[in-house]
Q: 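Starting off with a structure, shown below.
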Amino acid sequence: MARILITSALPYINGIKHLGNLVGSQLPSDVYARFNRALGNEVMYICATDEHGTPAELAATKAGKPVDEFCAEMHEVQANLAHGFRLSFDHFGRSSSKHNHRLTQHLAGKLNEAGLIAELSEKQVYSNADGRYLPDRYIEGICPACGYDGARGDQCENCTKQLEPTDLLEPRSAISGSTDLEVRETKHLYLRQSQLRDRLQDWIDSKTDWPILTTSIAKKWLNDGDGLRDRGITRDLDWGIPVQKGDQPWPGMEGKVFYVWFDAPIEYIGATAEWAEAHGYEDSAWERWWRTDKGADDVRYVQFMGKDNVPFHTLSFPSTMMGSNEPWKLVDYIKSFNYLNYDGGQFSTSKGRGVFMNEALDILPSDYWRWWLLSHVPESSDSEFTWDSFQQGVNKDLADVLGNFVSRITKFCRSKFGEEIPAGGEYGPAEQAVITEIGKRLAAYEQHMQDIEIRKAAAELRAIWAAGNEYLQAAAPWSLFKTDPDAAAAIVRFALNLIPLYAVLSEPFIPDASDTMLNAMNAQGTVWPKDVTAALETLQAGHAFSVPDVMFAKISDDARDEMQARFAGRG
RNA sequence: GGGCCUGUAGCUCAGUUGGUUAGAGCAGAGCGCUCAUAACGCUUUUGUCGCAGGUUCGAGUCCUGCCGGGCCUACCA
């Protein structure tokens, strides 16, 4: 039995995420986790809210709440939505947890001992009105190159020129609009990633099976210009993890916190520690997933994330792990995703454009979203959500192919034989042919899941569903019943046995429908098939079942048009 | 500017190390079935594989250039 550690990129705390965020890491990682559990592997599946940083502070201010309270509330909101989408995290943690505080401070201390931390003094813009230092992008002004009023301190949106905040004419705070800004000298810690460049390079080079999207981004950063640059890991903020060397103070760093990108990936470990504590386990329970000296050698660690997260997971976080000189488990495989666009453009929080997780669940059950999003997950390039495509995918795949299959065979059996598996007749060549076909497709399905090729897996699953309709159509028990009821009974028995098989195979994608099928067939506890022949003899004659309600209601054209108009956004 | 990804049927996408008549699903057309959510099955139409060159006995697949779409470019997270 293999041990699989799975982490999903952490959703940021400042608001409800849209479908693009959902499909870019949480949903595919959930499919992979469910699949591995179904195979009988031991799985630790971790996610958390990423709670630190300036945007969290600003969002809290806007909401009129203390930042810790705001984060606690938003964490609950996100946890409920995760549950609504049936994301099966073993633990959904918080990067502000005491475990993450302790681990982050510990690792910083170890990095310092290893000589990998540098203290640098730098100039930073301070806003007197806001009472805070401003990140470059929170300073606005007139672009010196093109005269555009509204250029940000890192880059002008209008002419795309890279800027320094001090380049801006008439600079002002993007938060308050105040022009009462001054440049202050402030000291920060830098992680000397450049010292680890060769080790990182060797490590990345050894990952020949990683997606190109993943390795190309890592290599670019390793080789760009003078090579991998050192990175600031502290900030002048109130909300965050106080800068300490382990449990000791860090002279000169009083009042500063670690940069959110330093502590966020450490929360993968922190959340596992939170999981252990929540279950009343000893530290060894989480350490056996993360410390190769404490049992994690046989763990396979797979990370899921959007492409924007790749540099931090291929370089920064591994720098932290390697540089600590402690035996932390490094990632074995990184699955990265492109973006999902919305109906001809991008999802936009500010413009209210696109569908957000809470809205999606208000409209339709999670399985509908899971199926469409996963079967269109942006693996090879950006993909696009359109209502037309969504309607088509749900109606055709879920309602017509799978839902109607379950409906037609259970209703036929009920009307001719009653609500139990009929006796009589036996399986013949037609059934054997179906077994052979499903066996082949199942092998392909499992391989695609192992390879984390989600779209291909979805297509294979759909073909397995379709095989049921093909079989029924060819076998035509409704005709045979008139002349040879026993032969018809064998066909019905075989077709009904497909339902629990479909339920188990479909569970990673559509867990609720899977439950519905198992409950209807009174076959709870059915496990992943090792052998298709045996799996299709599970339900014996006399086994009682019930006809489920319509599993997937179709989306009408009117409903589709209405939703399209509703989510088109403002401008 | 630099780096990377991407451009294959009306739509969404597969196409392994270059090898015979380029595939799937959806949509369209025809036929069949009538158990079922007007559902299902079978058959079938459509492609100068972004453009232009090149390498090769042979290129969707490799090389060069160009055009289109996208992402990243280190202080958004």
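Since we're looking at a predicted model, the values are computed, not measured.
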Q: Ignoring hydrogens and angles, are the base of B/A39 and the side chain of A/Asn404 linked by a donor-acceptor pair under 3.5 Å?
A: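 Not at all, since no donor on one side and acceptor on the other fall under 3.5 Å apart.
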Q: Considering only the C1' atoms, how many Å lie between B/C62 and B/U56, rounded to the nearest integer?
A: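 It works out to 10 Å between them.
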Q: Measure across A/Met74 and A/Ile16 and return the closest heavy-atom pair with its distance rounded to 0.1 Å.
A: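 Closest pair (atom of A/Met74, atom of A/Ile16, distance): CE-N, 4.1 Å.
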Q: Report yes if at least one side-chain N or O of A/Lys554 is closer than 4.0 Å to OP1 or OP2 of B/A38; otherwise report no.
A: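 Result: no.
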Q: Taking atom C1' in both B/A9 and B/G50, compute the distance separating them and give it to the nearest angstrom.
A: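 Going atom to atom, C1' in each nucleotide, I get 15 Å.
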Q: Starting at NE2 of A/His376 and ending at C1' of B/A14, how long is that distance when rounded to a whole Å?
A: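 Taking atom C1' of B/A14 as the reference, NE2 of A/His376 is at 14 Å.
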Q: Mind pulling the stems RNA chain B is in, i.e. runs of at least three Watson-Crick or G-U pairs, everything under 3.5 Å?
A: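 Stem segments, range with range: B:1-7 with B:67-73, B:10-13 with B:23-26, B:28-32 with B:40-44, B:50-54 with B:62-66.
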Q: Assign A/Ser415 to base, sugar-phosphate, or nothing according to its heavy-atom contacts below 4.0 angstrom with the strands shown.
A: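 A/Ser415: no heavy atom of the nucleic acid under 4.0 Å.
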Q: Using only atom types and a distance under 3.5 Å, with no angle test, would you say the side chain of A/Thr234 pairs donor to acceptor with the backbone of A/Leu189?
A: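 Yes, the answer is positive, given that a donor and an acceptor are paired below the 3.5 Å cut-off.
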Q: Whole angstroms only, please: what is the CG-C1' distance between A/Asn469 and B/C33?
A: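 These atoms are roughly 12 Å apart.
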Q: For A/Leu472 and B/U34, give me the distance from atom CG to atom P, rounded to whole Å.
A: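 About 14 Å, once rounded to whole Å.
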Q: Under 4.0 Å, heavy atoms only, any strand: does A/Ser380 hit a base, just the sugar-phosphate, or nothing?
A: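 Sugar-phosphate contact only.
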Q: Within the structure, does a side-chain N or O atom of A/Tyr339 lie under 4.0 Å from either OP1 or OP2 of B/C72?
A: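 Checking B/C72 against A/Tyr339, a side-chain N or O does come within under 4.0 Å of OP1 or OP2.
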Q: A/Ile139 and side-chain contact (heavy atoms from CB on, under 4.5 Å): which single residue from A/Pro165, A/Ser173, A/Ser127 fits?
A: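 Passing option: A/Pro165.
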Q: Quick one: label A/Phe552 by what it contacts on the DNA or RNA (base, sugar-phosphate, nothing), any heavy atom closer than 4.0 Å.
A: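 Contact class for A/Phe552: base.
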Q: Between protein and nucleic acid, restricted to nucleotides 74-77 of chain B and to nitrogen or oxygen atoms under 3.5 Å apart, what atom pairs and distances do you find?
A:
from	atom 1	to	atom 2	distance (Å)
B/A74	N7	A/Arg229	NH2	2.8
B/A74	N6	A/Trp221	O	3.4
B/A74	N1	A/Arg229	N	3.4
B/C75	OP2	A/Arg231	NH2	3.3
B/C75	O2'	A/Asp136	OD2	3.0
B/C75	O2	A/Asp136	N	3.1
B/C75	N3	A/Gln124	OE1	3.3
B/C75	N3	A/Gln124	NE2	3.4
B/C75	N4	A/Glu122	OE2	2.9
B/C75	N4	A/Gln124	OE1	2.8
B/C76	OP2	A/Asp154	OD2	3.0
B/C76	O4'	A/Arg137	NE	2.7
B/C76	O4'	A/Arg137	NH1	3.0
B/A77	OP2	A/Tyr259	OH	2.8
B/A77	O3'	A/Asp50	OD2	2.7
B/A77	N7	A/Trp261	NE1	3.3

Q: In whole Å, measure the gap between the P atoms of B/C57 and B/C42 for me.
A: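 Here B/C57 and B/C42 have their P atoms 44 Å from each other.
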Q: Distance between the P atoms of B/U6 and B/U44, in whole angstroms?
A: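 Here B/U6 and B/U44 have their P atoms 33 Å from each other.
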Q: Should the ring pair A/His75 and A/Phe92 be called parallel, tilted or perpendicular, given that the plane angle runs from 0 to 90° and is split at 30 and 60?
A: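 Rings of A/His75 and A/Phe92: parallel, as their planes differ by under 30°.
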Q: Take atom C1' in B/C13 and the same atom in B/U17, then report the distance between them in whole Å.
A: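 These two C1' atoms come out 23 Å apart once rounded.
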Q: Tell me the interatomic distance from A/Trp478, atom CH2, to B/C35, atom P, rounded to whole angstroms.
A: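 To the nearest whole Å, that distance equals 8 Å.
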Q: Output yes when a side-chain donor or acceptor of A/Asp230 lies under 3.5 Å from a complementary backbone atom of A/Ser194, and no otherwise.
A: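 Yes, because the side chain of A/Asp230 sits within donor-acceptor range (under 3.5 Å) of the backbone of A/Ser194.
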Q: Using the P atoms only, state how far B/U43 lies from B/C51, rounded to an integer number of Å.
A: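 Here B/C51 and B/U43 have their P atoms 32 Å from each other.
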Q: Consider ring pair (Phe, Tyr, Trp, His ring centres under 6.0 Å). Of A/Phe385, A/Tyr368, A/Trp371, A/Tyr342, which one does A/Phe390 pass it with?
A: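 Answer to the ring pair (Phe, Tyr, Trp, His ring centres under 6.0 Å) test with A/Phe390 among A/Phe385, A/Tyr368, A/Trp371, A/Tyr342: A/Phe385.
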Q: Determine the interatomic distance between P on B/U34 and the same-named atom on B/C49; round to the nearest Å.
A: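 The answer is 45 Å between these two P atoms.
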Q: Any Lys/Arg nitrogen of A/Asp136 or A/Arg152 sitting under 4.0 Å from an Asp/Glu carboxylate oxygen of the other?
A: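 Looking at A/Asp136 and A/Arg152, the cut-off is not met.
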Q: Using a cut-off of strictly less than 4.0 Å, decide whether A/Ser375 has a side-chain nitrogen or oxygen near OP1 or OP2 of B/G25.
A: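 Answer no for this pair, as no side-chain N or O of A/Ser375 is under 4.0 Å from OP1 or OP2.
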Q: Pick the P atom in B/G25 and in B/G41, then give their distance to the nearest Å.
A: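 10 Å, rounded to whole Å.
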Q: Compare side-chain N and O positions of A/Lys396 against OP1 and OP2 of B/A39 and report whether any pair is under 4.0 Å apart.
A: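 Checking A/Lys396 against B/A39: no side-chain N or O falls below 4.0 Å of OP1 or OP2.
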Q: Given B/U37, B/C26, B/C13, which nucleotide is nearest the side-chain atoms of A/Gln392?
A: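 Ranking B/U37, B/C26, B/C13 by closest atom to the A/Gln392 side chain puts B/C26 first.
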Q: Under 3.5 Å, is there a donor-acceptor pair between the side chain of A/Asn223 and the main chain of A/Lys219?
A: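 Flag set: sc A/Asn223 to bb A/Lys219 pair under 3.5 Å.
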Q: If the plane angle is over 60° it's perpendicular, under 30° parallel, otherwise tilted; pick one for A/Phe347 and A/His18.
A: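 Ring orientation, 0 to 90° scale: parallel.
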Q: Show the nearest heavy-atom pair for residues A/Arg229 and A/Gln193, with the distance to one decimal.
A: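 Heavy-atom minimum between the residues: O-NE2, 2.8 Å.
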Q: Closer to the 5' end of RNA chain B via nearest nucleotide, is it A/Pro311 or A/Leu398?
A: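 Closer to the 5' end of RNA chain B: A/Leu398.
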Q: From CG of A/Asn395 over to C1' of B/A27, roughly how many Å is that when rounded to an integer?
A: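 Between C1' of B/A27 and CG of A/Asn395: 14 Å.
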Q: Examine B/G25: is either OP1 or OP2 under 4.0 Å from a nitrogen or oxygen in the side chain of A/Arg462? Give yes or no.
A: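 It does not, given that no N or O in the side chain of A/Arg462 lies less than 4.0 Å from OP1 or OP2 of B/G25.
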Q: Does A/Lys307 make a cation-pi contact with A/Phe337 (under 6.0 Å, within 45 degrees of the axis)?
A: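 Ring-cation test returns no.
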Q: Taking the six-membered ring of A/Phe481, is the NZ or CZ of A/Lys416 close enough (under 6.0 Å from the centre) and on axis enough (within 45°)?
A: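 Ring-cation test returns yes.
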Q: Write down the distance between CD1 (A/Ile409) and P (B/U37), rounded to a whole number of angstrom.
A: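 From A/Ile409 CD1 to B/U37 P: 13 Å.
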Q: Tell me what A/Lys416 touches on the nucleic acid: a base, only sugar-phosphate, or nothing, going by heavy atoms under 4.0 Å.
A: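 No contact.
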Q: Could you tell me whether A/Ser389 contacts a base, only the sugar-phosphate backbone, or nothing, with contacts defined as non-hydrogen atoms closer than 4.0 Å?
A: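 No contact.
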Q: Grab the CG-C1' distance between A/Leu340 and B/C13 for me, whole Å please.
A: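 For the pair A/Leu340 CG and B/C13 C1', the rounded distance is 15 Å.
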Q: Using the six-membered base ring of B/C35, report whether A/Phe412 stacks on it, requiring centroids under 5.5 Å and planes under 30° apart.
A: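 Check failed, A/Phe412 does not stack on base of B/C35.
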Q: Let me know the distance between CG of A/Leu315 and C1' of B/C4, rounded to the nearest Å.
A: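 It is 15 Å, rounded to the nearest whole Å.
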